[in-house]
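As a basis for the values below, the full set of heavy atoms in this structure was taken, side chains included, without hydrogen atoms, waters or symmetry mates. Below, chain A is the first sequence line, B the second, and so on; all start at residue 1.
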Amino acid sequence: MPVFALVDCNNFYASCEKLFNPRLLNRPVVVLSNNDGCVVARSAEVKALGIPMGVPWFKLKDDARRHGILAFSSNYALYADMSNRVVEVLSAFSPNIEVYSIDESFLELSGFENSPGGLAGYGSEMRQRIADWLGLAVCVGIAPTKTLSKLANHCAKKNFAGVDGVCDFTTIPPDDLTKLFGKIEVGEVWGVGRKITAGLGAMGIYTVSQLRDSNAETIRARFSVVVERTVRELRGVSCIDLQEVVPDKQQIMSSRSFGQLIYDRAGLEHAVATYIAKAAEKLRAQDSLAGAVQVHIRTNIFKPEAPQYQRAITVPLPEATSDTRVLTLWALSVLRRIYRAGYGYHKAGVMLSNIVPRGSRQFSLFNTGGGAGLDCSEKLMTAVDNINQRYGRGAVRLAAEGVEKDWQMRRGNLSPKYTTDWAGLPVVRAK
DNA sequence: TCTGGGGTCCTAGGACCC
DNA sequence: TCTGGGGTCCTAGGACCC
């Protein structure tokens, strides 16, 4: 029987900010989404104030002033680097690890049952080492299925089982587990979102134990095979395997709200070209080609009083490619088709799809010797990627991206790249 | 003034094939 | 009077996750 651990960093983004800035100790800290839009991470102090996740920051300004809340713009360079360090530490605890998100990993732990202190002891060791080596707090949930390990992690965070940061379902007697599940709302279960919670409520299912003991066939008929799988996982039947190898992306998206509205087509062209460059870079990084490009543009949906317009078009390409120049030409031609003058645009984005590995390229029927041109294109793109990797994104780029990017997102309070940039290195002064 | 971004999986329904 | 059966592929839309 498999045993999974889910290791989840506490208040990850907010914790990363606190890590290198001693003035933030015991202060309420939030991290904002792109454009300094919504609250996407909260420190323990902020949670204690009852401020919910996802609220727009501008609606919190009064609260923030009153409670001295400090807000930071998202610093993904910092969070990604700290995330990699956490994974590196965890990798020593199991040969089988799935990096599930920037702050969560699943570990397969079968075979470690006999370590001192059992699995819970092993989990405590992980916790301790990450605290010692990185200064970050994590919680560990241990159980025979991934869904249950997520739930165990939830219990560890809430201190439900009276444990300190580690919760091991495998050693809790079945009756106690049932009692515990009777106290947890069904919406806490991994895979049960808002709609399904409402649907289950209509069937009289409100708690985790009720869902676990419901009829799997009925659940499948009413919802889908996905929810049925969740029910079985809650019963301890492992249906979702550890995914150790990250599969190639099937679609790559790049989109952003603008720091200020764009009215003219030129501005949108610059944005779309910029997003294509970013998406194409990701595409090449996984050694793939895209067979279709989508472009979408939209006005600000939060201002219904202003004239609204949105449109998206996908075009299939005659030949799959990863050449930024080719992708940009197609994207701009789509943009010309969907652009309408007279609107204030708030957001644009591109999506690359029909993605195939570079090795399985299908040439167009009328390609008359793309061989040499292809070779040239690949060399050029590799050179561009190398230069940009060394000197920073956008060091070389297409003129189509424009120069004055005054529409770029707002990041009013960005902390330094403490760990990935010499200029951001924290300085310690002796008194 | 101010409201994120990037994904996956599943299902239903339509087009089409023999 | 009476109009099959078994399939694949694609797309759009809806659900979920962080």
Side-chain angles (χ1 to χ4, degrees), chain A residues 6 8-9 11-13 30-41 52-62 64 71-76 79-80 83 98-106 146-147 150 153-154 186-200 219-230 233 239-241 243 246-261 275 278-279 282-283 286 291-292 294 296 298-304 306 312-314 316 344 346-355 408-413:
Chain A
L6 177 75
D8 185 318
C9 300
N11 320 326
F12 183 56
Y13 295 174
V30 296
V31 176
L32 306 178
S33 63
N34 283 337
N35 257 321
D36 295 342
C38 301
V39 171
V40 292
M53 185 77 158
V55 277
W57 174 236
F58 76 90
K59 289 188 179 172
L60 277 182
K61 287 281 165 72
D62 286 344
F72 288 87
S73 308
S74 293
N75 183 348
Y76 286 106
Y79 313 147
S83 172
E98 171 185 345
V99 180
Y100 177 64
S101 77
I102 196 162
D103 72 333
E104 284 174 68
S105 290
F106 287 104
K146 283 168 87 174
T147 303
K150 285 278 274 186
N153 188 283
H154 170 76
V186 75
E188 296 292 345
V189 174
W190 187 41
V192 178
R194 229 179 33 233
K195 292 274 177 165
I196 292 173
T197 300
L200 290 170
I219 293 292
R220 179 179 187 149
R222 169 69 177 76
F223 300 98
S224 72
V225 67
V226 185
V227 189
E228 182 196 13
R229 214 175 278 151
T230 300
E233 283 244 321
C239 307
I240 307 171
D241 292 334
Q243 204 184 323
V246 181
D248 283 346
K249 297 267 178 275
Q250 300 174 47
Q251 49 186 48
I252 296 174
M253 222 160 126
S254 179
S255 88
R256 286 281 179 283
S257 304
F258 305 131
Q260 55 191 60
L261 295 182
Y275 300 159
K278 204 166 134 195
K282 274 196 206 169
L283 183 69
Q286 68 168 38
Q294 186 199 73
H296 70 261
R298 72 174 324 143
T299 51
N300 189 351
I301 46 170
F302 295 106
K303 299 275 178 240
I313 286 186
T314 309
H346 176 247
K347 183 175 182 177
V350 302
M351 188 164 83
L352 305 179
S353 52
N354 292 7
I355 289 176
Q408 272 181 335
M409 66 177 173
R410 284 183 300 275
R411 295 171 100 182
N413 196 10

Which part of the nucleic acid, if any, lies within contact of [X], taking any heavy atom under 4.0 Å across all strands shown: a base, the sugar-phosphate backbone alone, or nothing?
{"X": "A:I252", "value": "sugar-phosphate"}
{"X": "A:R220", "value": "nothing"}
{"X": "A:V225", "value": "sugar-phosphate"}

Rounded distance (Å) that lies between atom [atom2] of [N] and atom [atom1] of [X]:
{"X": "A:K61", "N": "B:dT1", "atom1": "NZ", "atom2": "C1'", "result": "9 Å"}
{"X": "A:L352", "N": "B:dT8", "atom1": "CG", "atom2": "P", "result": "12 Å"}
{"X": "A:N354", "N": "C:dC10", "atom1": "CG", "atom2": "P", "result": "9 Å"}
{"X": "A:L32", "N": "B:dT1", "atom1": "CG", "atom2": "P", "result": "19 Å"}
{"X": "A:R222", "N": "B:dT11", "atom1": "CZ", "atom2": "P", "result": "14 Å"}
{"X": "A:I219", "N": "B:dT11", "atom1": "CD1", "atom2": "P", "result": "15 Å"}

Show me the donor-acceptor pairs, under 3.5 Å and distance only, between side chains in residues 219-230 of chain A and residues at least two apart or in other chains.
{"residue": "A:R220", "atom": "NH1", "partner": "A:E228", "partner atom": "OE1", "Å": "3.1"}
{"residue": "A:S224", "atom": "OG", "partner": "A:V226", "partner atom": "N", "Å": "3.1"}
{"residue": "A:E228", "atom": "OE2", "partner": "A:R232", "partner atom": "NE", "Å": "3.4"}
{"residue": "A:E228", "atom": "OE2", "partner": "A:R232", "partner atom": "NH2", "Å": "2.8"}
{"residue": "A:T230", "atom": "OG1", "partner": "A:V226", "partner atom": "O", "Å": "3.2"}

> Rounding to the closest angstrom, what is the interatomic distance between C:dC17 and B:dG4 at atom C1'?
Replying inline: 15 Å
>> Does B:dC2 have OP1 or OP2 under 4.0 Å away from a side-chain N or O of A:Q260?
In response: no
> Would A:N75 and A:S73 satisfy side-chain hydrogen bond (donor to acceptor under 3.5 Å, both in side chains), going step by step from the backbone distance to the final call?
Replying inline: CA-CA 6 Å; A:N75 183 348; A:S73 308; over 6 Å; no
Under a 3.5 Å distance rule, please check whether [X] uses its side chain to pair with a backbone N or O of [Y] as donor and acceptor.
{"X": "A:S74", "Y": "A:L32", "answer": "yes"}
{"X": "A:N354", "Y": "A:A292", "answer": "no"}
{"X": "A:D103", "Y": "A:F12", "answer": "no"}

> Given the rule in the side chain to side chain contact (heavy atoms under 4.5 Å, CB included) test, do A:L352 and A:K282 qualify, once you have shown the distances and angles that lead to the verdict?
Replying inline: CA-CA 10 Å; A:L352 305 179; A:K282 274 196 206 169; over 6 Å; no
>> Tell me whether the rings of A:Y76 and A:Y13 are parallel (<30°), tilted (30 to 60°) or perpendicular (>60°).
In response: perpendicular
> Would A:S255 and A:K347 count as a side chain to side chain contact (heavy atoms under 4.5 Å, CB included) if you check the C-alpha gap in whole Å, the side-chain angles of each, and the deciding distance to 0.1 Å?
Replying inline: CA-CA 7 Å; A:S255 88; A:K347 183 175 182 177; 3.7 Å; yes
> Given the rule that a pair is Watson-Crick or G-U wobble with both distances under 3.5 Å, how would you write DNA chain C in dot-bracket, using | for pairs to a different strand?
Replying inline: ....||||||||||||||
>> How would you summarise protein contacts on nucleotides 12-18 of chain C per nucleotide, using B for base, S for sugar-phosphate only and - for none, with heavy-atom distances below 4.0 Å?
In response: ---SSSS
> Of all residues at least two apart in sequence or in a different chain, which pass the salt bridge (Lys or Arg N to Asp or Glu O under 4.0 Å) check with A:D36?
Replying inline: none
> With A:K146, which of A:E233, A:E104, A:E98 fulfils salt bridge (Lys or Arg N to Asp or Glu O under 4.0 Å)?
Replying inline: A:E98
Please enumerate all protein N or O atoms sitting under 3.5 Å from an N or O of nucleotides 3-5 of chain B, with distances to 0.1 Å.
{"residue": "B:dG4", "atom": "O4'", "partner": "A:S33", "partner atom": "OG", "Å": "2.9"}
{"residue": "B:dG5", "atom": "OP1", "partner": "A:S257", "partner atom": "N", "Å": "2.5"}
{"residue": "B:dG5", "atom": "OP2", "partner": "A:S257", "partner atom": "OG", "Å": "3.1"}
{"residue": "B:dG5", "atom": "OP2", "partner": "A:K347", "partner atom": "NZ", "Å": "3.1"}
{"residue": "B:dG5", "atom": "O3'", "partner": "A:R256", "partner atom": "NH1", "Å": "2.9"}

>> Under the rule for ring-ring contact (aromatic ring centres under 6.0 Å, His included), what residues qualify as partners of A:Y275, not counting sequence neighbours?
In response: none
